[in-house]
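These notes are about the structure you will find just below.
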Amino acid sequence: METVLNRRLVELFRWIDPGPGSTHLVSDISGWWRDPEVLAQVGPALAGLFPEDRPTVVIAPEVTGLLLGPLVAVAAGAGFLPAYKDGGERRRVGPTRWADTSPDYRGRRLRVGVDGRRLGPGDRVLLVDDWVDTGAQLDALCQVVRDAGADLIGAAALVATCPPEVRERLRLRTLLTGADLP
């Protein structure tokens with residue numbers, strides 16, 4: 001179902017050619033974050049993809065997830081737990097629950113984790129990301145959720161370009177698909 005928000009997301013999106021030596025175009029979603037109406041609507045829209053579920057915590061991977069996750073958490077009346085990438089800019093101290101990813105869209109294998117003190121049995125988790133292509137990071141976060149004894153509601157994203165089996169495995173719901181973008 002097309003909404004005003006979906007139309008605006010498409011209008012503000014663009015592909016960028018990074019130049020010689022690049023094998024693919026790069027998505028530019030910066031227009032989404034610059035537009036105050038989009039910024040105000042994406043949290044409630046993504047939380048609204050699971051209208052009957054009541055998450056206790058939203059987990060989203062860095063980097064874009066550190067912006068998007070809290071927007072969804074506030075709209076869902078839940079807390080937020082950032083998922084960090086091992087070796088990234090933000091070093092983890094204290095107990096961390098880690099899981100390794102399968103290869104992502106660039107062929108990289110990552111290690112993602114959350115603060116082990118902040119996730120446990122009784123938590124109902126909604127995973128959130130801006131774009132899902134292979135689902136590698138969200139699959140790893142599903143493992144983190146299971147290892148913590150928490151319950152996974154599903155995953156919400158702005159865009160999915162992943163195969164149907166990935167959508168099904170993650171219980172992924174999105175606002176847009178790759179076919180919606182110019």
Taking [Y]'s backbone N and O only, do any of them form a donor-acceptor pair with [X]'s side chain (distance below 3.5 Å, no angle check)?
X      : Y      : result
Thr177 : Ala160 : no
Arg111 : Ala99  : no
Ser22  : His24  : yes
Lys85  : Glu62  : yes
Arg173 : Leu49  : yes

Nearest heavy-atom pair of [X] and [Y]: which atoms, and what distance?
X      : Y      : answer
Phe50  : Arg171 : CZ-O, 3.4 Å
Ala150 : Gly120 : CB-O, 3.5 Å
Val128 : Pro61  : O-CD, 3.2 Å
Ala75  : Ala47  : CB-CB, 4.0 Å
Ala73  : Gly79  : CB-O, 3.5 Å
Asp35  : Val38  : OD1-N, 2.9 Å

Between [atom1] of [X] and [atom2] of [Y], what distance do you get to the nearest 0.5 Å?
X      : Y      : atom1 : atom2 : result
Arg169 : Cys162 : CZ    : SG    : 8.5 Å
Thr56  : Asp123 : OG1   : CG    : 3.5 Å
Thr3   : Arg8   : OG1   : CZ    : 12.5 Å
Ile29  : Thr64  : CD1   : OG1   : 4.5 Å
Thr101 : Gln137 : OG1   : CD    : 7.0 Å
Arg14  : Ser30  : CZ    : OG    : 6.0 Å

Are side-chain heavy atoms of [X] and [Y] found at a separation under 4.5 Å?
X      : Y      : answer
Asn6   : Leu176 : yes
Val10  : Pro182 : yes
Thr174 : Val132 : no
Asp147 : Gln143 : yes
Val144 : Trp98  : no
Val125 : Leu141 : no
Leu152 : Leu126 : no
Leu46  : Leu71  : no

>> Under the criterion side-chain contact (heavy atoms from CB on, under 4.5 Å), I'd like the reasoning laid out for Leu158 against Trp32: C-alpha separation, chi angles, the key distance, then a yes or no.
In response: CA-CA 10 Å; Leu158 294 171; Trp32 297 350; 3.5 Å; yes

>> Walk me through whether Asp100 and Arg109 qualify under salt bridge (charged side-chain N to carboxylate O under 4.0 Å, His left out).
In response: CA-CA 7 Å; Asp100 295 317; Arg109 290 182 179 272; over 6 Å; no

> Quick one: do the Thr161 and Trp131 side chains pair a donor with an acceptor below 3.5 Å?
Replying inline: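 Short answer, yes.
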
> Transitively linked via ILVMFWY side-chain contacts under 4.5 Å: Val145 with Leu110?
Replying inline: no

> Does the pair Trp15 and Val26 meet the rule for a side-chain contact (heavy atoms from CB on, under 4.5 Å), with working shown?
Replying inline: CA-CA 6 Å; Trp15 291 106; Val26 175; 5.9 Å; no

>> Among Thr134, Leu127, Leu170, which residue satisfies the side chain to side chain contact (heavy atoms under 4.5 Å, CB included) criterion with Asp139?
In response: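 In the set Thr134, Leu127, Leu170, the residue that makes a side chain to side chain contact (heavy atoms under 4.5 Å, CB included) with Asp139 is Leu170.
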
> Given Phe13, which of Asp28, Leu181, Val159 fulfils the side chain to side chain contact (heavy atoms under 4.5 Å, CB included) condition?
Replying inline: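 Only one option passes, and that is Leu181.
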
> Do Leu9 and Leu175 pass the side-chain contact (heavy atoms from CB on, under 4.5 Å) test, and can you show the C-alpha distance, the side-chain angles, and the key distance before you say yes or no?
Replying inline: CA-CA 9 Å; Leu9 290 170; Leu175 299 181; 4.0 Å; yes

> Would Leu119 and Val57 count as a side-chain contact (heavy atoms from CB on, under 4.5 Å) if you check the C-alpha gap in whole Å, the side-chain angles of each, and the deciding distance to 0.1 Å?
Replying inline: CA-CA 8 Å; Leu119 180 66; Val57 64; 4.2 Å; yes

